[in-house]
Amino acid sequence: MSKILDGKAVSANLRAKVKTQVEELSAQGISVGLAVILVGENPASKIYVANKKKACEEAGIKSFEYTMDESTTEEELIALIKTLNAQENVNGILCQLPLPPHIDEQSVIAAISPEKDVDAFCVSNVGRIMIGDYDFLPCTPAGIIEILDYYGIEIEGKNCVVIGRSNIVGKPMAMLLLHRNGTVTVCHSKTKNLADITKNADILVSAVGKAGFVTADMVKKGAVVIDVGMNRTDGKLCGDVCFEEVAEIADYITPVPGGVGPMTISVLLKNTLTAAKRQNER
Ligand code: NAP
């Protein structure tokens, strides 16, 4: 039976460190602030934004929430972002995705000042990650690296397989594993003989978004299995991995919920702290 990689414990540890450093900055008269923008009525987005607000408060980070109507135009949204770019008490800006279809996400991301882009989504921050010279890492992949480090799981020299190539999870995940000297393979919907590739993985990351996608016959004995998926079956949250059967084979596995999920917000707090430090160095 696998050892469970407890994202809640790793997350609590990281949040405690962030909180201590926020208090240290506060003692020097420096406050840390995150602006979160929500456009429209997406119920999942509302929950994420509420969770981010709560996590900020617990860490001593000021949270500024902007709730905008579904009919908000791209120009109005970008005008708000420009105001926040110039506001000194806002160190990080996050625009909750997805946006309503009439707003171009890339234009909105591009409007956020790179030094306040705590999701690390803008082109210059993505480019900096590519060359290994960055201030922020995208929250979910960075959270996965935090979990691996916390449990002392070596990445160097390991066969790492990432299923999924999205800009927010799969691609940056592959890059972070590569930076840590993993030998990385990225799989996607056009990959042939997927199981032959995944069975070779010492570290297998699934970021597909399909419940029950990773089965035991796709996993090498002794592997580390990281489940990024967040799916609902019969209203219940589950990952991509058939947990019970894969846990019989893998050495380590993240559960859903309680694995990768809690890490995403924790890294967001860490990035906001980093942003505040950088902006106050000048
Ligand atoms: P996405 O943009 O939909 O990407 C899914 C990826 O899976 C795509 O690259 C797709 O390939 C690939 N894929 C689909 N079917 C496949 C198949 N049969 N074989 C191999 N690959 C296949 O999703 P995402 O934004 O990366 O998110 C992935 C999952 O992670 C979702 O469940 C999401 O909710 C979850 N998530 C969780 C967190 C967290 O905090 N825990 C954060 C972000 C996302 P193509 O590129 O070829 O289409």
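Index from 1, following the sequence. Note that ligands are numbered from 1 as they come in the structure, with each ligand's atoms numbered from 1 the same way.
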Any ion pair linking R278 and E115 (charged N to carboxylate O, less than 4.0 Å)?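 Looking at R278 together with E115, the answer is no, because their closest N to O distance does not fall below 4.0 Å.
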Got a salt bridge between E57 and K54, using NZ or NE/NH1/NH2 to carboxylate O under 4.0 Å? no
Please determine whether side-chain contact (heavy atoms from CB on, under 4.5 Å) holds for the pair Y151 and V10, giving the CA-CA distance in whole Å, both sets of side-chain angles, and the decisive distance to 0.1 Å. CA-CA 9 Å; Y151 284 95; V10 187; 3.8 Å; yes
Using a 4.0 angstrom limit on heavy atoms, which residues are close to ligand 1? T140, I163, G164, R165, S166, I168, V169, H188, S189, A207, V208, G209, K210, F213, V228, G229, M230, N231, V260, G261, T264
Result block: side-chain N/O donor-acceptor pairs under 3.5 angstrom for residues 14-22, not counting sequence neighbours:
from: R15; atom 1: NE; to: S11; atom 2: OG; distance (Å): 3.3
from: R15; atom 1: NE; to: S266; atom 2: OG; distance (Å): 2.8
from: R15; atom 1: NH2; to: P262; atom 2: O; distance (Å): 3.3
from: R15; atom 1: NH2; to: S266; atom 2: OG; distance (Å): 3.4
from: T20; atom 1: OG1; to: A16; atom 2: O; distance (Å): 2.9
from: Q21; atom 1: OE1; to: K277; atom 2: NZ; distance (Å): 2.4

Show me the donor-acceptor pairs, under 3.5 Å and distance only, between side chains in residues 30-40 and residues at least two apart or in other chains.
none

ILVMFWY clustering at 4.5 Å (side-chain atoms), partners of M218: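 I4, V161, I163, L194, I197, L204, V208, F213, V214, V219, V225, V241, F243, V246, I249, I253, all in the cluster of M218.
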